[in-house]
Amino acid sequence: MAIDVVMPQMGESIAEATILKWHRKVGEQIGKDETLYEISTDKVDAEIPSPIQGTLLEILVDVNITVPVGSVVARLGDASELGQRGPAPGATAAVPVVIAPVAAPIHPMSTDDDDNSLENRLRTKSSPLVREMAKQHGVDLSRVHGSGEQGRVTKEDMDAFLAKGSATTAIVGSAPTSGEMPRMAATHDPSAPTLGAVPGLAVPPTPHVPAFGAGERVKVEPMSRMRKLIADNMVNSKLRVSPHVYTVFEFDMSNVARLRAKHRKAFEESYGTKLSFMPFIMKAVIKGLQSFPVVNASVDGDNIIYKQDINLGIAVSLDWGLIVPVIKHADSLNLGGLARSLNDLAERARTKKLVPDEISGGTFTITNPGVFGDIFGLPIINQPQVAIQSIGGIVKRPVVVTDENGNDAIAIRQMMYSGLSFDHRIVDGAVADQFMSVIKKELEISVFGLE
Ligand code: CO6
């Protein structure tokens with residue numbers, strides 16, 4: 001008996017997803033829980049396992065096509081059923097589907113519906129990427145000419161619109177008086193009204209710089225969806241939303257290194273997961289955020305939104321990009337809980353098993369490029385947060401230490417630099433430095449409940 005494979009609901013806010021890859025061809029066998037296809041949503045890329053063991057009878061939605069959640073994307077069943085046709089794509093699992101012959105996989109975006117209003121066209125015909133771009137640049141999509149199928153606004157339309165400088169991102173209110181930061185539109189808020197640019201104050205569009213000259217030997221490769229999202233988010237955060245300021249601290253990690261070496265084995269036995277430096281750093285950062293809640297806040301227009309939970313985003317490098325899963329309510333976890341959550345999220349990020357809710361809602365981000373031998377980094381703030389901390393490589397260095405009698409000596413210590421990038425709209429340098437001082441003290445003297 002054939003079954004329909006439907007596009008799964010990946011999270012409350014996800015309405016549609018794009019097929020990236022089919023892992024089986026029609027006619028091929030697949031085992032239960034083996035990866036059948038890969039999808040991309042606004043939030044994450046994910047591998048979708050096969051719900052049953054069987055034969056892939058039909059693929060109804062091609063690669064690079066976006067369909068609403070609940071759409072039938074394929075049919076699985078017994079090899080004897082090969083060649084029998086199933087329902088048209090776009091039929092939802094909840095609605096009984098009439099089995100009707102379909103000549104070929106249909107592009108569900110082109111399935112016309114009765115409501116051809118502009119709003120509906122924009123809602124249903126623009127890809128998640130385009131809507132994300134519109135949100136980030138504060139662009140009212142109804143102002144963009146759509147050259148795509150049935151007036152759909154394509155990425156190229158958006159690029160052209162932004163290049164023309166028509167984006168309304170931006171600075172609102174009157175010109176800043178001296179010493180005052182201009183107010184920026186809270187571009188993360190989809191409900192925020194589109195704001196008219198103020199003459200003389202609008203952020204100029206990103207200029208197009210020719211990437212190569214005539215006759216130059218090049219290989220052109222389109223950016224992946226994730227790469228485009230990273231690129232847009234970085235430009236948006238650094239150039240349009242947050243005035244970044246940086247501070248760098250040096251931490252003596254000898255205390256943590258000692259604790260880690262001493263308790264590593266017992267920790268792994270009791271929590272069933274490895275103990276790296278990160279859980280100690282996360283614990284110290286949580287203490288810093290509790291002491292200075294503005295570092296755990298967001299800006300919304302003229303309001304400062306103090307987040308009551310500490311949801312720690314941790315940058316995880318992937319072979320194909322970078323993702324920031326979030327440890328929710330990190331302040332309620334002990335060292336073991338933090339280590340477990342971190343290792344679980346990092347592992348699932350690398351095997352494409354995260355769901356969108358696990359990469360949203362972060363209130364502060366830690367990135368650890370130190371694993372690659374970095375001394376320290378000055379990362380770009382992950383919107384709508386207001387600060388991000390980078391962890392540099394922990395290395396043995398000779399440092400001057402002073403004993404209780406005031407005698408100086410040169411000692412070999414485990415040292416680490418750490419950079420904090422913060423949003424000067426609401427975090428001042430003194431607060432940022434005091435925040436880092438709390439973390440420094442914690443890392444250098446706390447025993448983290450281990451002894
Ligand atoms: N120094 C020295 N040694 C380290 C460090 C640092 N900073 N961090 C981890 N380690 C050690 C760690 O303790 C492990 O040692 P052993 O247990 O003795 O084997 C080992 O390196 C491997 O660590 P692992 O990656 O397995 O675990 P960890 O918990 O430390 O980190 C992670 C988890 C998900 C954060 C990490 O795997 C990762 O993906 N890091 C990269 C994050 C990244 O790419 N960030 C963006 C970089 S770009 O931010 C950027 C500012 C710019 C430059």
Side-chain angles (χ1 to χ4, degrees), residues 44 226-227 229-231 233-234 237-238 242 244-269 271-285 312-327 330 333 335-354 358-359 362 364-383 385 387-397 412-422 439-440 443 448:
V44 280
M226 175 183 268
R227 178 55 44 207
L229 276 174
I230 293 174
N233 286 340
M234 296 300 103
S237 177
K238 185 131 189 212
S242 295
H244 283 56
V245 190
Y246 310 97
T247 187
V248 178
F249 266 61
E250 189 179 28
F251 301 142
D252 185 340
M253 294 293 282
S254 308
N255 172 50
V256 170
R258 179 186 65 79
L259 287 170
R260 179 174 176 244
K262 187 170 165 192
H263 297 278
R264 200 170 171 172
K265 203 159 169 282
F267 181 94
E268 288 180 14
E269 277 165 15
Y271 290 104
T273 194
K274 66 177 180 174
L275 179 60
S276 65
F277 287 103
M278 281 297 277
F280 295 97
I281 293 167
M282 287 150 70
K283 201 85 193 129
V285 165
L312 277 189
I314 309 290
V316 176
S317 62
L318 307 170
D319 291 345
W320 59 95
L322 181 69
I323 201 162
V324 186
V326 175
I327 299 178
L333 299 175
L335 214 55
L338 289 171
R340 257 202 207 134
S341 301
L342 168 68
N343 296 333
D344 167 54
L345 289 170
E347 164 67 20
R348 286 191 297 114
R350 291 181 172 131
T351 50
K352 297 188 179 174
K353 298 285 188 290
L354 290 178
E358 290 174 313
I359 60 157
F364 180 88
T365 297
I366 304 175
T367 175
N368 179 12
V371 280
F372 306 124
D374 162 296
I375 294 174
F376 69 87
L378 298 171
I380 295 177
I381 296 167
N382 191 9
Q383 295 300 324
Q385 299 160 30
I388 179 169
Q389 185 167 359
S390 93
I391 305 302
I394 300 161
V395 289
K396 286 183 184 161
R397 271 201 293 269
I412 298 169
R413 313 286 288 184
Q414 301 258 14
M415 303 304 288
M416 175 183 100
Y417 290 112
S418 180
L420 183 77
S421 311
F422 55 99
I439 298 172
K440 180 178 171 73
L443 290 172
F448 295 92

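Count residues from 1 along the sequence. Worth knowing before you read on, the calculation uses all heavy atoms, side chains too, and leaves out hydrogens, waters and symmetry mates. Each ligand, and each atom within it, is numbered from 1 in the order the structure gives.
- Judged by the shortest distance from any of its heavy atoms, Gly392 lies inside the 4.0 Å radius around the atoms of ligand 1.
- Of all atoms in ligand 1, numbered sequentially from 1 with element shown, those under 4.0 Å from a heavy atom of Gly393 are 1 (N), 7 (N).
- Residue Leu342 approaches ligand 1 through these ligand atoms, each under 4.0 Å from one of its heavy atoms: 29 (O).
- Not a single donor-acceptor pair under 3.5 Å links the side chain of Ser237 to the backbone N or O of Asn233.
- In this structure, Met282 and Leu342 have side chains that are in contact, with non-hydrogen atoms separated by less than 4.5 Å.
- When heavy-atom distances to ligand 1 are checked against a 4.0 Å cut-off, Thr367 comes that close only through its side chain, counted from C-beta outward.
- With Arg340 contributing its side chain and Lys274 its backbone, the two residues share no donor-acceptor pair below 3.5 Å.
- In this structure, Gln385 contributes its side chain and Gly362 its backbone to a donor-acceptor pair below 3.5 Å.
- Phe376 does not count as a contact of ligand 1, since none of its heavy atoms falls under 4.0 Å from the ligand.
- Distances from atom 14 (C) of ligand 1 to the heavy atoms of Lys274, Arg260, Met278 show the closest one on Arg260.
- Side-chain N or O atoms of Ser254 include one that pairs as donor or acceptor with a backbone N or O of Gln414 at under 3.5 Å.
- Ranking protein heavy atoms by distance to atom 34 (C) of ligand 1, first place goes to Val316 CG2, 3.8 Å.
- In this structure, CD1 on Ile380 lies 11.0 Å from CD1 on Ile230, to the nearest 0.5 angstrom.
- A salt bridge links Glu358 with Arg348: the distance from a Lys NZ or Arg NE/NH1/NH2 to an Asp or Glu carboxylate oxygen falls below 4.0 Å.
- The closest approach between a heavy atom of Arg264 and any atom of ligand 1 is below 4.0 Å.
- Within a 4.0 Å radius of atom 20 (C) of ligand 1, the protein contributes no heavy atom.
- Within the 4.0 Å heavy-atom criterion, neither part of Glu347 lies near ligand 1.
- Atom CG of residue Leu275 and atom NZ of residue Lys262 lie 13.5 Å apart, to the nearest 0.5 angstrom.
- Taking atom 8 (N) of ligand 1 as the reference point, the nearest protein heavy-atom neighbour is Asn368 ND2, 2.8 Å.
- Counting only distance, with no hydrogens or angles, the side chain of Asn255 and the backbone of Leu443 share a donor-acceptor pair below 3.5 Å.
- Under the 4.0 angstrom criterion, atom 51 (C) of ligand 1 counts as having a protein heavy-atom contact.
- No donor-acceptor pair closer than 3.5 Å links the side chain of His244 to the backbone N or O of Phe422.
- Under the 6.0 Å cut-off for aromatic ring centres, Phe249 and Tyr417 do not qualify, their centroids lying 6.0 Å or more apart.
- In this structure, the protein non-hydrogen atom closest to atom 9 (C) of ligand 1 is Val371 CG1, 3.2 Å.
- Comment: Glu250 engages Arg397 in a salt bridge, judged by a side-chain N to carboxylate O separation of less than 4.0 angstrom.
- Among protein heavy atoms, the minimum distance from atom 42 (C) of ligand 1 is reached at Ala315 O, 3.3 Å.
- Side-chain N or O atoms of Lys353 include one that pairs as donor or acceptor with a backbone N or O of Thr351 at under 3.5 Å.
- Side chain of Ser242 to backbone of Lys238: no donor-acceptor contact under 3.5 angstrom is found.
- For atom 11 (C) of ligand 1, no protein heavy-atom neighbour is present inside the 4.0 Å cut-off.
- Under a 4.0 angstrom heavy-atom cut-off, Gln414 registers as lying outside contact with ligand 1.
- For atom 4 (C) of ligand 1, the nearest non-hydrogen atom of the protein is Phe277 CD1, 4.1 Å.
- Per-residue contacts place Leu378 under 4.0 angstrom from the following atoms of ligand 1 (heavy atoms of the residue considered): 51 (C).
- Taking any N or O of Ser317, backbone or side chain, at least one lies under 3.5 Å from an N or O belonging to ligand 1.
- Ranking protein heavy atoms by distance to atom 48 (S) of ligand 1, first place goes to Pro369 CB, 4.3 Å.
- Atom 37 (O) of ligand 1 has its closest protein heavy atom at Arg350 NH2, 3.3 Å.
- Atoms of ligand 1 lying under 4.0 Å from any heavy atom of Gly377, numbered from 1 in the order shown and given with element: 51 (C).
- Side-chain atoms of Ser418 and Gln389 form a donor-acceptor pair, as typed in the model, at a separation below 3.5 Å.
- For atom 29 (O) of ligand 1, the closest non-hydrogen atom of the protein is Ser276 OG, 2.4 Å.
- Of the polar atoms of Ile394, at least one N or O is found under 3.5 Å from an N or O of ligand 1, judged by distance alone.
- Within the 4.0 Å heavy-atom criterion, neither part of Val395 lies near ligand 1.
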